[in-house]
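All remarks here apply to the structure that follows.
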Amino acid sequence: MKRDIVSEEDVKLLVDTFYKYVTVNPVIGHIFTNIVKVDWDHHLPKMYAFWSTLLLGSMTYHGNPMQIHSKLNTITPLGQKEFDEWVRLFTLTVDELFEGPAATEAKVRARAIAQVMMAKFGSA
């Protein structure tokens, strides 16, 4: 039986594993590696804080993901295909590593985030 997401270490495992899949993904990987050229040392701690805030209530994230993704959308259009792939990879990662209420909440939150962003930016 898998455990639920209950600690900062769990969040870190989720985020690290997810981005390992993202960077090699043929649909969205190029956005992170070639277009944005993500500085992982800077990005990953923000993602730990973001998901820790959502799933553990840590309140450590202070940022504006909509503003960041709006700017990204002007560089490379973000459409249904990209959002669907992001959700698919995130769900796959959660299901691979965890099960329980927080794991379910993580998947619900990811779908909701993608839906909001798709409504705001998606056109392709």
Side-chain angles (χ1 to χ4, degrees):
M1 181 178 205
K2 298 173 197 164
R3 66 184 194 282
D4 202 1
I5 302 167
V6 297
S7 69
E8 298 293 334
E9 293 78 22
D10 293 337
V11 170
K12 188 175 186 302
L13 176 62
L14 171 61
V15 169
D16 289 345
T17 304
F18 171 66
Y19 281 108
K20 278 197 282 188
Y21 291 137
V22 164
T23 58
V24 298
N25 182 272
V27 176
I28 61 174
H30 73 282
I31 297 169
F32 293 84
T33 58
N34 298 334
I35 296 172
V36 177
K37 298 181 179 161
V38 171
D39 174 353
W40 295 107
D41 291 335
H42 181 74
H43 184 68
L44 290 175
K46 285 186 177 190
M47 293 300 91
Y48 304 150
F50 178 80
W51 286 105
S52 176
T53 294
L54 290 182
L55 301 176
L56 305 177
S58 68
M59 305 309 287
T60 55
Y61 180 76
H62 307 286
N64 186 337
M66 287 302 251
Q67 181 181 32
I68 293 163
H69 288 84
S70 179
K71 184 177 177 181
L72 173 59
N73 191 58
T74 66
I75 298 166
T76 186
L78 303 173
Q80 186 75 49
K81 179 179 172 183
E82 291 79 15
F83 287 108
D84 286 349
E85 190 65 4
W86 183 86
V87 170
R88 186 187 75 77
L89 288 176
F90 192 85
T91 299
L92 177 135
T93 305
V94 172
D95 287 344
E96 177 184 302
L97 299 171
F98 302 103
E99 65 183 8
T104 299
E105 180 67 14
K107 295 183 287 186
V108 168
R109 295 283 185 125
R111 282 190 297 275
I113 290 164
Q115 288 172 343
V116 167
M117 288 193 183
M118 184 62 203
K120 185 164 178 81
F121 316 126
S123 59

Derivation of the salt bridge (Lys or Arg N to Asp or Glu O under 4.0 Å) call for Lys12 and Glu9: CA-CA 5 Å; Lys12 188 175 186 302; Glu9 293 78 22; over 6 Å; no

Val108 vs Arg111 side-chain heavy atoms within contact, under 4.5 Å: yes

Chi angles and distances behind the ring pair (Phe, Tyr, Trp, His ring centres under 6.0 Å) call for Phe90, Trp51: CA-CA 12 Å; Phe90 192 85; Trp51 286 105; 4.6 Å; yes

Spacing of CG belonging to Asn25 relative to CZ belonging to Arg88, to within rounding of 0.5 Å: 6.5 Å

Closest non-hydrogen atom pair, Tyr21 against Thr93: CD1-OG1, 3.3 Å

Single-linkage hydrophobic cluster Leu56~Met59, side-chain heavy atoms < 4.5 angstrom: no

Trace of the side chain to side chain contact (heavy atoms under 4.5 Å, CB included) decision for Phe50 with Ile113: CA-CA 12 Å; Phe50 178 80; Ile113 290 164; 3.7 Å; yes

Minimum-distance pair of heavy atoms, taken over all atoms of Thr60 and His62: O-CD2, 3.4 Å

Heavy atoms of other groups near Lys46 NZ, more than 12 under 6.0 Å: no

NZ on Lys2 to CD on Glu96, rounded to 0.5 Å: 7.5 Å

Verdict with reasoning, Val87 to Gln115, per side chain to side chain contact (heavy atoms under 4.5 Å, CB included): CA-CA 10 Å; Val87 170; Gln115 288 172 343; over 6 Å; no

Residue pair Phe18 / Met47, side-chain heavy-atom distance below 4.5 Å: no

Val27 vs Leu89 side-chain heavy atoms within contact, under 4.5 Å: no

Shortest non-hydrogen separation from Tyr61 to Thr53 and the atoms involved: N-OG1, 3.0 Å

Closest contact, heavy atoms only, Asp4 versus Asp10: O-OD2, 3.3 Å

Least distance between heavy atoms, Ser52 atom then Glu8 atom: OG-OE2, 2.6 Å

Leu14 CG to Leu97 CG distance, which is reported to the nearest 0.5 Å: 6.5 Å

Straight-line distance of Ile28 CD1 to Lys81 NZ, nearest 0.5 Å: 11.0 Å

Side chain Glu85, main chain Glu82, donor-acceptor under 3.5 Å: no

Same cluster (ILVMFWY, side-chain, under 4.5 Å), Leu44 and Val38: yes

Joint cluster assignment, Val24 & Val22, ILVMFWY side-chain distance < 4.5 Å: no

Gap separating the CD1 atom of Ile31 from the OG1 atom of Thr76, nearest 0.5 angstrom: 5.0 Å

Check: Phe98 and Leu13 side chains under 4.5 Å, non-hydrogen atoms: yes

Flag if over 12 foreign heavy atoms under 6.0 Å of NZ, Lys20: no

Partner set under salt bridge (Lys or Arg N to Asp or Glu O under 4.0 Å) for Glu105, not counting sequence neighbours: Arg109

Ala103 versus Val94, closest heavy-atom pair with distance: O-CG1, 3.5 Å

Nearest-0.5 Å distance, CG of residue Asp84 to CD of residue Gln80: 4.0 Å

Met66 and Val116, any side-chain heavy atoms less than 4.5 Å apart: yes

Beyond-backbone contact of Thr23 with Trp40, side-chain heavy atoms, under 4.5 angstrom: yes

